[in-house]
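Only one structure is covered here, and it is reproduced in the block below.
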Amino acid sequence: MFTATLSQLVPGAAYLFAAFLFMYGLKRMSSPVSAPSGIRVAGIGMLVAVLASFFNVLGVSAAARPHLILNMSLAVVALVLGGGAAWWKGRKVAMTSMPQMVALYNGMGGGAAAAIAAVELFGFSTQGATRLIVTLIGAMIGAVSLSGSIIAWAKLDEVIKKPLRFKGQQVFNALAMLVTIAVGAYLVFAVQTGTHPLLSVNAGIYLFFGCALVFGILMTLPIGGADMPVVISIYNAFTGLAVALEGFVLQNPALMIAGMVVGAAGMLLTLLMAKAMNRSVSNVLFSDFGAAVKQKKSKMQGSLKPVEASDAGIFMRYAKNVIIIPGYGLAVAQAQQKLYEFVKLLQGAGVGVKFAVHPVAGRMPGQMDVLLAEAGVPYDLIFQLEDINDDFATTDVALVIGANDVVNPAARTDKTSPIYGMPILNADKAKRVYVVKRGQGEGYAGIENGLFYGDNCEMVYGDAQAVLVKMIEAVRGLDAVAA
Amino acid sequence: MHFQLAITGFVALYIFMLAAFGGWVIIGNVPAILHTPLMSGSNFVHGIVVVGAMFAMLNASTVTQQIIGFFAVLLGAGNAAGGYAVTDRMLAMFQPSAAAAHKKPVHVIVKHAKG
């Protein structure tokens, strides 16, 4: 029949094209020059795939045919509502809130994968043990990603402020996982044999999803807010995996390919992040960082030497080259634009300025790069750790703003330090170091920073925004006098 | 979605293996400066789940299936649209020095110290 062929051919070709555009788009995202076009290429792929999926109406199952008009309307309403609301929110969310937004969208994807599995399970359309098992695994991963991502969002948005920990938590969580798997195994048994000695199949499906959702919550609650980016990245990979598995169940290669590409990419990204934080992934998931750290305070040699912001500003005006190390404290003070204004003044005076960004600066790897870009800093001024670390030795001034642990030399030398082994920016090697800091407190890891006590280091105390205003005024005043 | 070639057993595993390898290699080349847009971009790509959700929705034959299918499409569409919106916004901000010079200055201080 012509319509039946059309219902297979059009989506089939469209999905193939979409899968190609996704891979090509991601590939283009590997360089800042081509990245903006990369996301647009992938966006076209998505549009093509969604439009083509309407051709499925030509080939729906006999059971669904009487409901076609209603189903079609529901699909359109859901597309417009869900897509519209997320688009509107995504357009106006602040760049500093990006990590929790990604968590939320990711949870939605996981939830969609789990919901597809539920539709398939309730329809008994998953014939054969293999497809049933794959459906259930995808459903579990998707549900865990949904509830876990929501907890991650709540933690980053500071709706939940403290990690919830109790004794025997890991055993309890393991039990929750085992119960979920056991219910899933029971469902396979019940559907395959047609008998249900304990629960009806429908009740079993509800119980299965309930357990999986609870497990996702339990798994995420004990993890601290600072580790959330790694967790979001894991759930991103999870959602990809769930989508790929449900794609197999629906016999849709576009879902299989796109889902698995994201699954693999998400896993790699998670490992990179964990490495940059000097932690293993299992360490993030199963240990309580911060609890054991604050036991001993090592004595620091030397003293903290405060200096006026204006003096520091003028010193940099006459330096040959300056490397700026921004941390999340800069974003908290909303001072990125002021910083770039100061940088432009220095550049105008012939000072060579570079930015050195640590992989975990910000709350998500790469977030500091986005925040600097938002303030107008060109990406060719932004350097990553491995590309700039050798330059510090020949640099006049290293300006550290709102960063702490990522410039702590203890990571190189002190074997007892919890951050020992973490790659750091070698700010201490510069001829002069200025540290802009709100007060004398410690970084999030609660460790004293030997850099601050060094002979070449001076402290500029104050809010980053206020300090930068003073530096700008000092340099402007100087140039005005000269003119 | 019954294509002439059914994707079963080993064919599925081949697709998964090649796709996983492809994803690993593609992402492995991305510089750290793009890690956040990349996470968000890959988050957008698994928004393709909305296509599966549409299939489930259109083939729903009971009220339970219709309700769950509706939420599947709602969530999937949110994933795709939201993921695109934030990724596009972030990537549009990355400018090289030459282009940034032509852009209007973001913020200019009016107060000048006269000497």
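Side-chain atoms are counted along with the backbone in the values below, which use heavy atoms only and exclude waters and symmetry mates. All chains are named by letter (A, B, ...) in the order of the sequence lines, taking the proteins before the strands, and each is independently numbered beginning at 1.
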Could you tell me the separation between the [atom1] atom of [X] and the [atom2] atom of [Y], rounded to the nearest 0.5 Å?
| X | Y | atom1 | atom2 | result |
| --- | --- | --- | --- | --- |
| Asn71(A) | Ser61(B) | CG | OG | 8.5 Å |
| Tyr105(A) | Phe44(B) | OH | CZ | 12.5 Å |
| Thr62(B) | Phe122(A) | OG1 | CZ | 8.5 Å |
| Leu13(B) | Met256(A) | CG | CE | 8.0 Å |
| Leu74(A) | Met57(B) | CG | CE | 4.5 Å |
| Leu272(A) | His35(B) | CG | NE2 | 5.0 Å |

For the student: nearest non-hydrogen atoms of [X] and [Y], plus distance:
| X | Y | value |
| --- | --- | --- |
| Gly109(A) | Asn79(B) | CA-OD1, 3.0 Å |
| Ala75(A) | Met54(B) | CB-SD, 4.2 Å |
| Ser53(A) | Leu58(B) | O-CD1, 3.9 Å |
| Gly78(B) | Ala86(A) | O-CB, 3.3 Å |
| Gly76(B) | Ala112(A) | N-CB, 3.6 Å |
| Ala77(B) | Ala78(A) | CB-O, 4.3 Å |

Neighbour count >12 (heavy atoms, 6.0 Å) for atom CZ, Phe71(B):
no

More than 12 heavy atoms of other residues, nucleotides or ligands under 6.0 Å from OH of Tyr24(A): is that the case?
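Open.
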
At a 4.5 Å cut-off on heavy atoms, which part of [X] comes close to chain B: side chain, backbone, both, or neither?
| X | answer |
| --- | --- |
| Pro32(A) | both |
| Pro229(A) | backbone |
| Ala42(A) | both |
| Ile232(A) | both |
| Val357(A) | neither |

Between Arg89(B) and Val93(A), is the side-chain contact (heavy atoms from CB on, under 4.5 Å) condition met? List the steps.
CA-CA 10 Å; Arg89(B) 256 182 75 193; Val93(A) 65; 3.8 Å; yes

Under a 4.5 Å cut-off applied to non-hydrogen side-chain atoms, are [X] and [Y] in contact?
| X | Y | value |
| --- | --- | --- |
| Pro37(B) | Val370(A) | yes |
| Leu34(B) | Asp369(A) | no |
| Leu74(B) | Leu81(A) | yes |
| Pro96(B) | Tyr379(A) | yes |
| Val50(B) | Leu79(A) | yes |
| Val86(B) | Met98(A) | yes |
| Arg40(A) | Asp88(B) | yes |
| Ile116(A) | Phe55(B) | no |

Taking only residues two or more places apart in sequence or in another chain, which ones pass side chain to side chain donor-acceptor pair (under 3.5 Å) with Thr130(A)?
none

Among the options Leu75(B), Val45(B), Ile15(B), pick out the one with the most heavy-atom pairs lying under 4.5 Å from chain A.
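Option with the top pair count is Leu75(B).
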
Looking at Thr64(B), Ile27(B), Ile26(B), Ile48(B), which makes the most heavy-atom pairs under 4.5 Å with chain A?
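Greatest number of close heavy-atom pairs with chain A: Ile48(B).
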
Return yes if some donor-acceptor pair links the side-chain N/O of [X] with the main-chain N/O of [Y] below 3.5 Å, else return no.
| X | Y | value |
| --- | --- | --- |
| Asn43(B) | Asn236(A) | no |
| Gln65(B) | Val119(A) | yes |
| Arg65(A) | Asn59(B) | no |

Between [options], which shows the greatest number of heavy-atom pairs under 4.5 Å with chain B?
| options | result |
| --- | --- |
| Ala118(A), Gly43(A), Gly110(A), Gly259(A) | Gly43(A) |
| Met95(A), Glu246(A), Met267(A) | Met95(A) |
| Met101(A), Met260(A), Met72(A) | Met260(A) |
| His67(A), Met46(A), Lys27(A), Gln367(A) | Met46(A) |
| Val60(A), Val50(A), Leu146(A) | Val60(A) |
| Leu255(A), Val77(A), Ile257(A) | Leu255(A) |

Side-chain donor-acceptor pair under 3.5 Å between His46(B) and Asn106(A), yes or no?
yes

Parallel, tilted or perpendicular, as decided by the 30° and 60° cut-offs, for the rings of Tyr84(B) and Trp87(A)
parallel

Using non-hydrogen atoms and a 4.5 Å limit, figure out which bit of Met39(B) sits close to chain A: side chain, backbone, both or neither.
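For Met39(B), the contact with chain A is made by backbone and side chain together.
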
